[in-house]
Q: 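Provided herewith is a single structure, encoded as structure tokens, for subsequent inquiry.
Every chain is numbered from 1 and lettered A, B, ... according to where its sequence line falls, protein lines coming before strand lines.
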Amino acid sequence: MLKFFNTLSGQLEEFRPMVEGEAKLYVCGPTVWDFAHIGNFRTMAAFGDVLRRYLKYRGYSVTHVMNITDVEDRIIKFSAERGQTIDEYTSKYTEAFLEDFDSLGAERPEVTPRATRHIPEMVDIIKRLRDSGHAYESEGSYYYRIGAFKDYGKLSKINFAGNIVGGSERVATDRYEKEDARDFALWKAQDAPDEPAWDTEIGKGRPGWHIECSAMSMKYLGETFDIHAGGIDLVFPHHENEIAQSEGATGRPFARYWLHAEHLKVEGESMSKSLGNYYTFRDLQEKGFNPTAIRYLLLSVPYRKQLNFTFEGLQGAERTVESLRTFRARLREARTEPGSNAGLKAAAARALEEFEAGMDDDLNTSVALAAVHGLRRETNTALDSCVLREDDRRDILALLERFNSVLNVFPEDEAVLLDEYIQRLIDERQEARHRRDFARADEIRDQLAERGITLEDTRDGVRWKRK
RNA sequence: GCGUGCGUAGCCAAGAGGUUUAAGGCGACGGUCUGCAAAACCGUUAACCGUCGGUUCGAGUCCGACCGCGCGCUCCA
């Protein structure tokens, strides 16, 4: 039974979608003001992707939406500084994000809508909120009237009495005119003539931060949908405000399950530019790390636990992922006798059971990966002692594909073709070995090593890999 | 300051009252296999589960205090 920890109830709950067999999923996506960092990818490309993939694994037909926020104060500032339009500025980072997302082995969501392409939908919600008394206009801007939404705070359980007044200096210095300090902007009036703005029924301006997610999620998934996910920092105010906007406008429940991914730390500290431990995916790639290893590391800890990202850990993930690749390659190449082995059949069944029990338990990827490793070890042992049979080989390969349809941590084998010269050297070395001319064979192996090719002599022939 | 979460072997970590004499991965050391390697496997290594106190027949697991770290308190994945 698939269970999720729902922030709304504060409890582990069985997942029951609104419509049998269908799962409607919204994951908060990136603000494309800069290259995304590994923390963003932990949430969107690791957690969000595994959530999507496991729902599919469990037989749901998934509609997954991930927004691209392409209008926001930083974007406005930086695009102006460069003399670019918002679209010119954000297209570079949007493309980079999606490239990195793909590189990390994440499946593209069904819809990746951009905020700037949904202004009319946002205006429509603001009008409904205004007409129902949930919003008011002030100096051309629109604000949400928190006092008009009795459930405000139900997601974050925020205690306004205790901390909001004393905790934030900004409330007092807010330049906008609001009825109540807690009210938040739905629509910001254009301040200066050169400031980007949309000319709409409610005036010339730009959307507030939260309204885009209400507009785009409801447009693509319906007024009530199943799962809304994102980083834990979004619980308040972003998701709390989304609920207020959406439920205020429709009078219906918004998302039913709220899932929040914990942040990662780097070497035990918060990741920040000032500490010099702020890494984008591209930074790690430039350092030579394999995207699959990065994915593995991001997945190796359950999403509701803080993950301590370290380079030692990443190096370990490189080794682990390489051993998974070798394992699958070895199994694919193995020549086996017909029949099956009862011990392996049981091992495979056990691995499947552990994998599903782990994943069902709020996506415990640590347990799921342990199941994969257990099967890897038992299968390798069987291969070593030649007791693996043809049915086992076929069944375990199929099982690995099932696991991998969720985890996607087995790196694909690289292009099989070697250039002719290298292939000739490999062949020549094999001949030398048959002649027992090991000096020549080792000479060739060293030569290939210099070209970054490592050889492994196996029972089933020679295998090579790029270092 | 208020709220919230976390602190498990050299590193990353699962586990949340009794088959735990604490999963899994990485590392280190020894061995098997190999012409030698590589890969793989086997074995060893290594945790009084942050500290102190409490509840309980029994506590990494519950409660309290303290120390350290993360997150939120309307910029943030």
Q: Mind checking if H263(A) touches a base, just sugar-phosphate, or nothing, with heavy atoms under 4.0 Å?
A: base
Q: Assign the ring pair F184(A) / Y144(A) to parallel, tilted or perpendicular, where the plane angle (0 to 90°) is split at 30° and 60°.
A: parallel
Q: Expressed as a whole number of angstroms, how long is the span from M359(A):CE to rA14(B):P?
A: 15 Å
Q: Report, one pair per line, the protein and nucleotides 66-69 of chain B atoms (nitrogen or oxygen only) whose separation is under 3.5 Å.
A:
from	atom 1	to	atom 2	distance (Å)
rC69(B)	O2'	K265(A)	NZ	3.3
rC69(B)	O2'	G268(A)	O	3.1

Q: Less than 4.0 angstrom between a side-chain N/O of N380(A) and OP1 or OP2 of rC41(B), yes or no?
A: yes
Q: Tell me if the side-chain of R377(A) makes a donor-acceptor pair with the base of rA40(B), cut-off 3.5 Å, by modelled atom types.
A: no
Q: Quantified in whole Å, what is the P atom distance between nucleotide rG27(B) and nucleotide rC12(B)?
A: 15 Å
Q: How far, in whole Å, is rC73(B) from rG64(B) if one measures between their P atoms?
A: 25 Å
Q: Roughly how far apart, to the nearest Å, are rC69(B) and rU51(B) at atom C1'?
A: 15 Å
Q: Does anything in residues 290-302 of chain A come within less than 4.0 Å of RNA chain B? Heavy atoms only, and list the residues if so.
A: V301(A), P302(A)
Q: T31(A) near the nucleic acid: base, sugar-phosphate alone, or nothing, with a heavy-atom cut-off under 4.0 Å?
A: sugar-phosphate
Q: Name the nucleic acid region contacted by R429(A), choosing base, sugar-phosphate or nothing; use a 4.0 angstrom heavy-atom cut-off, strictly under.
A: base
Q: Can rG10(B) be described as syn, meaning its chi torsion is within 90° of 0, or is it anti?
A: anti
Q: Taking the minimum atom-to-atom distance to the side chain of D442(A), which one of rA39(B), rG15(B), rC36(B) wins?
A: rC36(B)
Q: Report which part of the nucleic acid R330(A) touches: base, sugar-phosphate, or nothing (heavy-atom distance under 4.0 Å, all strands).
A: sugar-phosphate
Q: Within 45 degrees of the axis of the six-membered ring of F5(A) and under 6.0 Å from its centre: does R304(A) put its NZ or CZ there?
A: yes
Q: Taking the P atom in each of rG35(B) and rG43(B), what is the distance between them to the nearest angstrom?
A: 25 Å
Q: If you check the N308(A) side chain, which of rC75(B), rA13(B), rG25(B) turns out closest?
A: rA13(B)
Q: For the rings on Y279(A) and F311(A), is their centre-to-centre separation under 6.0 Å?
A: yes
Q: Of the options rA77(B), rA38(B), rC41(B), whose atoms approach the side-chain atoms of E456(A) most closely?
A: rA38(B)
Q: Check the distance between rA77(B)'s P and H228(A)'s NE2 and give it to me in whole angstrom.
A: 13 Å
Q: Please state the P separation for the pair rA40(B) and rA77(B) - nearest whole angstrom.
A: 39 Å
Q: Among rA13(B), rG72(B), rA39(B), which nucleotide has an atom closest to any side-chain atom of S366(A)?
A: rA13(B)
Q: Do E412(A) and R328(A) meet the salt-bridge criterion of a basic N to acidic O distance under 4.0 Å?
A: yes
Q: Distance between the P atoms of rA16(B) and rG54(B), in whole angstroms?
A: 26 Å
Q: For a quick check of understanding: with a heavy-atom distance under 4.0 Å over all strands, which category does D457(A) fall into, base, sugar-phosphate or nothing?
A: base
Q: Of R463(A) and F41(A), whose closest RNA chain B nucleotide lies nearer the 5' terminus?
A: R463(A)
Q: Between E431(A) and R440(A), is there a side-chain N and carboxylate O pair less than 4.0 Å apart?
A: no
Q: In this structure, which stretches of RNA chain B are paired as stems of three or more consecutive Watson-Crick or G-U pairs, both distances less than 3.5 Å?
A: B:1-7 with B:67-73, B:10-12 with B:24-26, B:27-32 with B:40-45, B:50-54 with B:62-66
Q: Whole-Å distance between rC75(B) P and H238(A) NE2?
A: 13 Å
Q: Please state the C1' separation for the pair rG18(B) and rC62(B) - nearest whole angstrom.
A: 14 Å
Q: Restricting to ring pair (Phe, Tyr, Trp, His ring centres under 6.0 Å), what partner residues turn up for F101(A), sequence neighbours left out?
A: F97(A)
Q: Using a heavy-atom cut-off of under 4.0 Å over every strand shown, decide if L455(A) touches base, sugar-phosphate, or nothing.
A: base
Q: Picking from rG15(B), rG35(B), rC41(B), which would you name as closest to the side chain of T381(A)?
A: rC41(B)
Q: rC76(B) phosphate, OP1 or OP2: any side-chain N/O from N40(A) under 4.0 angstrom?
A: no
Q: At a cut-off of 3.5 Å, list every protein nitrogen or oxygen paired with a nitrogen or oxygen from nucleotides 26-28 of chain B, distance to 0.1 Å.
A:
from	atom 1	to	atom 2	distance (Å)
rG27(B)	OP1	R319(A)	NE	3.2
rG27(B)	OP1	R319(A)	NH1	2.7
rG27(B)	OP1	R319(A)	NH2	2.6

Q: Heavy atoms under 4.0 Å, any strand shown: does L383(A) hit a base, just sugar-phosphate, or nothing?
A: nothing
Q: Please state whether the phosphate of rC76(B), meaning OP1 or OP2, lies under 4.0 angstrom from any side-chain nitrogen or oxygen of W209(A).
A: yes
Q: Given 3.5 Å as the limit, does a donor-acceptor pair link the side chain of E14(A) with the main chain of K3(A), or not?
A: no
Q: With distance as the sole test, does R206(A) use its side chain to make a donor-acceptor pair with the main-chain N or O of A197(A) at under 3.5 Å?
A: no
Q: Under 4.0 Å, counting only non-hydrogen atoms across every strand here, what does R433(A) touch: a base, just sugar-phosphate, or nothing?
A: base
Q: Report yes or no: is the ring centroid of H37(A) under 5.5 Å from the six-membered base ring centroid of rA77(B), with the two planes under 30 degrees?
A: no
Q: Do the ring centers of Y26(A) and F254(A) come within less than 6.0 Å of each other?
A: no
Q: For rA13(B) and rC6(B), measure between their C1' atoms and round to the nearest Å.
A: 13 Å
Q: So, E247(A) side chain and I243(A) main chain: donor-acceptor pair closer than 3.5 Å or not?
A: no
Q: Which pair of heavy atoms, one from G105(A) and one from R53(A), lies closest together, and at what distance?
A: O-NH2, 3.0 Å
Q: Measuring from M216(A):CE to I211(A):CD1, what's the distance to the nearest 0.5 Å?
A: 10.5 Å
Q: Can you find a side chain N or O atom of K305(A) that sits less than 4.0 Å from OP1 or OP2 on rG15(B)?
A: yes
Q: I'd like to know if the side chain of K188(A) reaches the main chain of A185(A), judged simply by a donor and an acceptor atom lying under 3.5 Å from each other, with no hydrogens or angles considered.
A: no
Q: To the nearest 0.5 angstrom, please state how far the NE2 atom of H210(A) sits from the CD atom of Q245(A).
A: 7.0 Å
Q: Sort and list the pairs that fulfil ring pair (Phe, Tyr, Trp, His ring centres under 6.0 Å) and have at least one residue in residues 426-460 of chain A, not counting sequence neighbours.
A: none
Q: Report which part of the nucleic acid G230(A) touches: base, sugar-phosphate, or nothing (heavy-atom distance under 4.0 Å, all strands).
A: sugar-phosphate
Q: Quick one: do R335(A) and D460(A) make a salt bridge, cutoff under 4.0 Å?
A: yes
Q: Measuring centre to centre across the rings, with the benzene-like ring taken for any Trp, is H260(A) within less than 6.0 Å of H239(A)?
A: yes
